[in-house]
Amino acid sequence: MSSLFGRKSAGNFSRLFCSRRFSCQLFVSRLSFYTTEEELKKAFSPFGKITEARLVQDYTSKHHKGFGFVTFESESDAQKALQAMNNRMIRGRLIFVEVAKPVTGEKRTL
DNA sequence: GTTGAGCGTT
């Protein structure tokens, strides 16, 4: 008997997906002041699918504070990029990568 | 061409 469900699925979803937007976020600090979001995203792109990349800066003075956040689509890729890009050199400066802490005040619905 | 530990957002 031929199994109708015995075939391999082309779109394999074996990777872990994070919940909406409160996970898979990486905290990137000690960035060079000349580093942009595209450089950050471009540096973390080969490690996984990035859904969001932001550099924290003042919305009035336009001066960045030197750190940012990178959101990955899969949690496994986020931690893989963490270990891969931690203490890495960008723009001639060493950067720190850590797991971002959850946003306070936002609803965390699973 | 602007400072240096850090967990943030119009």
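Protein chains get the first letters and strands the later ones, always in sequence-line order, with residue 1 at the start of each. Just so it is clear, the model here is predicted, and its values are computed rather than measured.
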For Glu98(A) and Arg91(A), take the nucleotide of DNA chain B holding the closest heavy atom to each; which residue's nucleotide lies nearer the 5' end?
Arg91(A)
Name the residue closer to the 5' end of DNA chain B, choosing between Val99(A) and Leu31(A) according to the nucleotide with the nearest heavy atom.
Leu31(A)
For atom [atom1] of [X] and atom [atom2] of [N], their distance in whole Å:
X        : N       : atom1 : atom2 : result
Arg93(A) : dA5(B)  : CZ    : C1'   : 14 Å
His63(A) : dG8(B)  : NE2   : P     : 20 Å
Arg30(A) : dT3(B)  : CZ    : C1'   : 14 Å
Gln57(A) : dG8(B)  : CD    : P     : 15 Å
Leu55(A) : dT10(B) : CG    : C1'   : 16 Å
Leu94(A) : dG6(B)  : CG    : C1'   : 16 Å
Leu82(A) : dC7(B)  : CG    : C1'   : 13 Å
Phe67(A) : dT3(B)  : CZ    : C1'   : 14 Å

Does dC7(B) have its OP1 or OP2 closer than 4.0 Å to a side-chain nitrogen or oxygen of Lys65(A)?
no
Looking only at heavy atoms, the pair that brings Val28(A) and Leu40(A) closest together is CG1-CD1, 3.8 Å
Search all heavy atoms of Ser32(A) against all heavy atoms of Arg93(A) and return the closest pair with its distance.
CB-CB, 4.1 Å
Would Gln25(A) and Thr71(A) count as having a side-chain donor-acceptor pair, cut-off 3.5 Å?
yes
Is Arg54(A) salt-bridged to Glu37(A), going by a charged N under 4.0 Å from an acidic O?
no
NZ of Lys101(A) to CZ of Phe69(A): how many Å apart, nearest 0.5 Å?
9.0 Å
Distance-only donor-acceptor test (3.5 Å): side chain Gln25(A), base dG8(B):
yes
Would you say the base of dG8(B) stacks on Phe69(A) (centre-to-centre below 5.5 Å, plane angle below 30°)?
yes
Is Phe27(A) stacked on the base of dC7(B), meaning ring centres closer than 5.5 Å and planes within 30 degrees of each other?
yes
For the side chain of Lys101(A), starting at C-beta, report the closest nucleotide among dG8(B), dG4(B), dC7(B).
dC7(B)
